[in-house]
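Following: one structure in structure tokens, then a few remarks.
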Amino acid sequence: MNWQAAVERTVTGLGYDLVDVERSARGLLRVFIDRLPNDPTGEFITVDDCEKVTRQLQHVLEVEGCAYERLEVSSPGLDRPLKKLADYQRFVGEQIELMLKLPFQGRKKYQGVLCTSEDGGWNIVFNDGKGEQSLAFALDEVREARLVPVVDFKGRRFQPAPVAPAGNEPPADEEVGGRKQ
């Protein structure tokens with residue numbers, strides 16, 4: 001069995017979602033883990049989760065004969081990448097940043113809400129200043145996709161600020177970051 005399969009088997013066997021594995025120069029092996037959807041133990045990865053996976057991976061990689069100098073296990077962060085079909089399915093309805101491999105109408109980067117289409121495809125709904133637009137895309141056209149971070153301070157969630165069309169000022173009484181201006 002190769003080392004990638006061993007990492008995936010170990011992480012999923014411990015009840016986590018394997019988001020990504022990176023192998024860098026000088027023997028660094030990075031493993032990004034996340035909780036499974038609807039995990040009763042919580043929404044976010046903790047230091048204890050990373051420690052648990054690290055200990056188990058150290059044993060498995062030694063048995064598999066995987067050479068590495070340093071092992072890092074961490075959460076994917078607030079701007080979690082979407083790598084697999086299951087990631088896209090899990091985060092339908094969430095704000096994402098999408099970078100296409102090739103430009104569409106002179107543009108590669110989009111930010112909006114991830115949606116599914118009636119034919120089972122994928123769309124990103126965004127506002128480009130001319131109103132709400134929808135762009136259909138296939139997963140093989142995507143260079144990178146990430147969640148747009150949502151920060152929670154003292155139990156108050158702040159969504160990312162809406163992107164205002166160029167040249168338009170927000171109304172004086174518009175809420176920004178949960179506070180009226």
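Everything quoted here is computed from the prediction, not taken from an experiment. Quick note: numbers below take in every heavy atom, side chains included, and nothing from hydrogens, waters or symmetry partners.
Between R90 and D17, at least one side-chain N (NZ, or NE/NH1/NH2) sits under 4.0 Å from a carboxylate O, which counts as a salt bridge. Under 4.0 Å is where a charged nitrogen must lie from a carboxylate oxygen, and between E72 and R30 at least one such pair does.
The two residues S134 and V125 come nearest to each other via the heavy atoms OG-CG2, 4.1 Å. Residues D34 and E43 share a closest heavy-atom pair of OD1-O, 4.5 Å. C50 approaches S74 most closely through the heavy-atom pair SG-CA, 3.6 Å. For C115 against V92, the heavy-atom pair with the smallest separation is CA-CG1, 4.4 Å.
No more than 12 heavy atoms of other residues, nucleotides or ligands sit less than 6.0 Å from atom NZ of K109. With a 6.0 Å radius and a threshold of 12 heavy atoms from other residues, nucleotides or ligands, R107 has its CZ atom above the threshold. Around CD of E62, the count of heavy atoms belonging to other residues, nucleotides or ligands within 6.0 Å does not exceed 12.
D49 meets the salt bridge (Lys or Arg N to Asp or Glu O under 4.0 Å) test with R35; sequence neighbours excluded.
Side-chain contact of S117 with D119: a donor-acceptor pair under 3.5 Å is present, judged by distance alone.
When each of F104, W122, F126 is checked for a ring-ring contact (aromatic ring centres under 6.0 Å, His included) with Y110, only F126 meets the rule. Each of E51, H59, Q58 was compared with R55 under the side-chain hydrogen bond (donor to acceptor under 3.5 Å, both in side chains) criterion, and only E51 meets it.
Distance alone, capped at 3.5 Å, places no donor-acceptor pair between the R143 side chain and the M99 backbone. K84 contributes a side-chain N or O that, together with a main-chain N or O of L18, makes up a donor-acceptor pair within less than 3.5 Å.
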